[in-house]
Amino acid sequence: MTISEELMLQMYRYMVLGRLFEQSAEQLTHKGLIPGAFHTGIGEEATHVGACLALTHKDYIIPTHRGHVADIIKGADPGRLMAEILGRATGYCGGRGGSVHIADAASNNLGVQAVLSAAYPVAVGAALTQKRANTGRIVLAMFGDGASLMGTFHEALNLSAIWHLPVVWVCVNNQYAMSTSFAEASAIANVADRACAYNMPGHVVDGNDVMAVYETVREARERALAGGGPTLIECKTYRQGGHSTFDTNPYRPQEELDAWSKRDPITQFEQRLRERGILDEKRITQIADGVRQQVDEAEEFALSSPEPPPEAGVEFVFRSSEVE
Amino acid sequence: MTISEELMLQMYRYMVLGRLFEQSAEQLTHKGLIPGAFHTGIGEEATHVGACLALTHKDYIIPTHRGHVADIIKGADPGRLMAEILGRATGYCGGRGGSVHIADAASNNLGVQAVLSAAYPVAVGAALTQKRANTGRIVLAMFGDGASLMGTFHEALNLSAIWHLPVVWVCVNNQYAMSTSFAEASAIANVADRACAYNMPGHVVDGNDVMAVYETVREARERALAGGGPTLIECKTYRQGGHSTFDTNPYRPQEELDAWSKRDPITQFEQRLRERGILDEKRITQIADGVRQQVDEAEEFALSSPEPPPEAGVEFVFRSSEVE
Amino acid sequence: MTTREITFRDALNEALQEEMGREEGVFIIGQDIYGGPGGYQGAFKVTKGLAKDFRDRLLDTPMIEQTIVGAAVGAAMTGSRPVAEIMFEDFITLAMDLLVNTAAKTHYMTAGQYCVPIVVRAACGAVGVGPQHSQTWTSWFMHIPGLYVVLPSTPYDAKGLLKTAIRDDNPVLFLEHKKLYNVKGRVPEEEYEIPFGEARVLCPGDDVTVVAIGYMAGLATQVAGTLRDQGLSVEVIDPRTLAPLDLETIFQSVRKTHKVVVVAEDCKTAGPTAEIAALVSEACFEYLDAPVGRVGARDAPIAHNVGMSEYILPDAADIHEAVQRVIAW
Amino acid sequence: MTTREITFRDALNEALQEEMGREEGVFIIGQDIYGGPGGYQGAFKVTKGLAKDFRDRLLDTPMIEQTIVGAAVGAAMTGSRPVAEIMFEDFITLAMDLLVNTAAKTHYMTAGQYCVPIVVRAACGAVGVGPQHSQTWTSWFMHIPGLYVVLPSTPYDAKGLLKTAIRDDNPVLFLEHKKLYNVKGRVPEEEYEIPFGEARVLCPGDDVTVVAIGYMAGLATQVAGTLRDQGLSVEVIDPRTLAPLDLETIFQSVRKTHKVVVVAEDCKTAGPTAEIAALVSEACFEYLDAPVGRVGARDAPIAHNVGMSEYILPDAADIHEAVQRVIAW
Ligand SMILES: Cc1ncc(C[n+]2csc(CCOP(=O)(O)OP(=O)(O)O)c2C)c(N)n1
Ligand SMILES: Cc1ncc(C[n+]2csc(CCOP(=O)(O)OP(=O)(O)O)c2C)c(N)n1
Ligand SMILES: [Mg+2]
Ligand SMILES: [Mg+2]
């Protein structure tokens, strides 16, 4: 399938949006406005954007704690997203969850699993519902390279394979789990090569190439919908920043940082679209301005949103029903 | 390496011992003398015997809940073993553990892990001590086909590989986990093929061929001692009986049972040794009688052993030391 | 109401059968619950015969407790109503993250956007399979906001509470004591549910209150019978659900009897009797004529040996003794 | 004894440094505890600088909590003395089986053939990272025979108790409250250990006893100071170890003051205050002039939003109020 110009522009725009949105949140954290830590997916935008654009609104997703643009593509409003990160009443979880617990039921966003091992079994269960009810939807489960070494990966990938579940497993291999490099943590170089243990296709993709990611996920989605079962896709990319806003990030060689920043997914894609004549300086500025405005509005909305009443902190512990 | 006649006879004898020992315990269970359930490794003797004979006394082992001959080969006294199964004071755990918690520190038998997922990480830790202290010992970790699908398999095999630990992973693939056939439970046919996910050698062995099992484990042991790291070995065998003494075992096709009973490891090996002139009728009877007597003595020892005083049930909760 | 006598196991089985019939979204996920042609039908045979009508709703998995509970959560978040079976409560330790961090917190964390209507059934209690197949842990789960904890002690309660659990929109831990599976009791032919948070007075009395949980409720009733013959009137209360907990019924009884013993099979220290004793000691401070008596297992793992395990576990004699101790105070 | 002022973090760090120096078998296993050249040095920097002398004894693993604890068990069974670091106590749910079924039961199950000298360190307490990074769970572990549970509240205790934990032959869960890491206190230059099961009287008093655990101990001491100015003499006791628990010190104090409040950050229901309140209510029945006061978190997950999380968690005002309530009784 060829990717339309329109879609390419969308990809570009979302990548820029993802980056500016997270830079904005990062700054707010440093200003002390965000409780706890914040994790950016800066450098990984092509993976998050490519994978999510391959979905329909009705498909389910489990995003990671980075790449908040995934939520936006799925349908979340950037203002309410930022509000949740700030812990405000207007946020998706009314301030209860924060950045590592964003969920948006209206757009079938099942939410981040902050205990990283949980994403796999939850995805299996969601895919099971789709298969049993024959909904024509898939589940996209995203996870990091570090998380790929956890036990539930093994349990859930095997189960998804024997049950032919409509799930697409997308590893955002950004090379590190905090300070732990995947190269040292894993006995083999590619997460996707573990697909052989589960009798499913495994693909290594350049995770900084938004179109490649998009195509690979799109095909896996179609395969899943056709009853072909799950696929394991590994997107090789890089976490350009520290692990979180707390991390001074001293453990990575400068050459490595430099090499990857030369391969920045946005710059690269911009260049490609320029070459193809799809983008020019004017258009770029236009998009940048539009995105800037969108992020500013999101920030404004969030910052001007009220704090939730403290007493609301004990609401929603149980779903009320006749038994209470 | 060629296997000496003496070793072959030892293999044969241990297989017969394993079978008679477990048949005896099974009968005691049916007589109501053993609390809870009992699991036999009848049909799997070649795997347990072949693997354990490849070890030295000093190597560590984590056996499974079947194949109690593993404990005996490692150094346990059949009488005290039977006593533990019966829950008597003279048993290895003073009656606290029973069949699924046999452990014998004197022979470096780390004990069965009755929560089956636990064997992997415990084996990793034991192997870590060997590596750090350079003891020249390995850890043999045995586990079932069912247990191979648990998360800790993935976590621990990967860790053992990146740390080059002296551990040999031996899967007793007896085709079933209770009523769940491995063929249906696993996305791929061979446990050993998952070695590719951990960059370690993987071997599928005829688990009913005691010499093949022995050779494969022996080589893996040497590899581990030479610093070559772990190996994954899958022994294809069959659980001839029900899952436990509770199981009426109605879920398996008769043809399957018949086919495997034709491949009984003891009968097969006996035939082979007869053909090679190592065994004859007289020798067989001699061995059978010797083993029978050994098992009878074990049974007698166990049955005549005292019950532990009930109050001893609260002993050993903590290791006493100066802080208490 | 027409009733008949059936076992605790069959009562559970009927609840599953009826709820699967009632609602398409209900399915059962676990190990060996179908169990091949011929059928293992569950380690404790609770799913016996269900394959006849619902073969495609008995989902046998490999031995992956973490993923069983987690898959139930994901299915529930997307509209299913799964019942997960964990063979032995001891193995729920493998699924603690999914149960405690995911199932119990998702409704809260998403401000009610998602709910997690799952039931996790597990067999508890000691019958001689050794220290890792014998636990009864309830206080762990009482401690978790967002989780209901149910322990039926009779076939009637088992059926009614399991139906309620399946229909409830919250995650429910449903504990079945192994020694109860074969116990018989009268169960109506007609449809019924038992609301959570309503204790049952198993036996009314005036002299002393015994709050007894799960399998202990039956033992306490026996003890009450024995003591009645000795002229002592014991009120036995089975809370049936530990979360929510019907404090009113307990408090009312204590305000009447002025003496109370709380009984559970869990290890005594930090077990469920601690919370109940603390609540009663606070709420009924001026009514209590003796300190709250507590009966639980001795603080040890449960040994394989029967004599030892009986020594460790609480029994009728222990309840008897505790009642006499508060009476004699 | 020469002392100097150091942080709670540095006190822990010194204990690790000294014990590794003392005994070859001690190593640290966990995530990012070395953390590459430049060094992550632990999520909370407790292992800072240890690589200088002990690079080969800082074992960084992938994110595999189950296997971290399990590997520690296997290493301990074969003669090592590992210290495992779990970043957030919330993640200990993943290792519950290994901690509760394996570590805590092995000595028992093998009749003392094997022991499991491991220390599992984990960060507890809420600092705004949301519902899955904020828990303090202690009653779960108090409930487990065979496991020690330690919660230091000062740098002095942190160092002395960690050294004891490492030298002890039993599995120890060692909980470090995130809000304490930067707190300073006086710590001797000289070698010392603090025995388990000895509470510390943080502040003597006659009118009311406050038993406060972990981070709450400091808050309780503040409250005692405020109340002293109002003429009320509060005795604050920090049990320091919940298992073993120094009941004698608590009981003696209550027999003197006749009033007591128990405080912990855990959710109130079935938290550690339940067990302590139940024990005190029983042992000091005739001495108590008011029901035992209990302060704990409201029964909810800990929200990300600071105002909400402060509402949920107990604070000095809650302790103050509870003390006044028992006084006014
Ligand atoms: C079970 C669990 N252990 C530890 C953590 C703490 N933690 C948060 S993010 C992270 C690194 C995860 O690495 P990876 O999966 O590669 O994702 P990345 O952060 O690189 O996107 C860790 C260790 C966690 N959230 N969950
Ligand atoms: C974690 C866990 N889940 C379930 C069980 C119950 N159980 C005991 S043996 C068994 C089957 C194990 O199958 P496999 O690993 O193939 O070993 P086998 O019994 O065939 O020797 C099961 C499910 C258990 N002991 N541990
Ligand atoms: Mg990563
Ligand atoms: Mg098997």
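By convention in this document, chain letters (A, B, ...) are assigned in the order of the sequence lines, proteins followed by strands, and residues within each chain are numbered from 1.
- Of the charged side-chain nitrogens involved, none lies within less than 4.0 Å of a carboxylate oxygen, so that D:Arg81 and D:Glu23 do not count as a salt-bridged pair.
- The choice from D:Leu98, D:Thr106, D:Val73 that makes the most heavy-atom pairs within less than 4.5 Å of chain B is D:Leu98.
- With a threshold of 4.5 angstrom between heavy atoms, B:Ala103 approaches chain D through its backbone and through its side chain.
- Contact annotation for B:Leu110: both backbone and side-chain heavy atoms come within less than 4.5 Å of a heavy atom of chain D.
- Contacts with chain B were tallied for D:Pro171, D:Gly79, D:Ala111; D:Ala111 has the most, counting heavy-atom pairs under 4.5 Å.
- Only the side chain of B:Ser117 comes within contact range of chain D, with at least one heavy atom under 4.5 Å from a heavy atom of that chain.
- Remark: B:Arg96 qualifies as a cation-pi partner of D:Tyr108 under the 6.0 Å distance and 45° angle criteria applied to the six-membered ring.
- Between B:Cys52 and B:Leu140, the shortest heavy-atom contact is SG-CD2, 4.4 Å.
- For B:Asp104, the parts sitting under 4.5 Å from any heavy atom of chain D are the backbone and the side chain alike.
- Neither the backbone nor the side chain of D:Ile68 comes within contact range of chain B; no heavy atom of the residue lies under 4.5 Å from a heavy atom of that chain.
- Only the backbone of B:Glu315 comes within less than 4.5 Å of a heavy atom of chain D; no side-chain atom from C-beta onward does.
- Defined by atom type and a distance below 3.5 Å, a donor-acceptor pair is present between the side-chain atoms of B:Tyr198 and B:His154.
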Query raised in the report: For B:Tyr120 and B:Phe143, what are the C-alpha separation, side-chain angles and deciding distance, and is it a ring-ring contact (aromatic ring centres under 6.0 Å, His included)?
Result: CA-CA 8 Å; B:Tyr120 306 103; B:Phe143 54 95; 5.0 Å; yes
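- Atom CZ of B:Phe246 has 12 or fewer heavy atoms from other residues, nucleotides or ligands within 6.0 Å.
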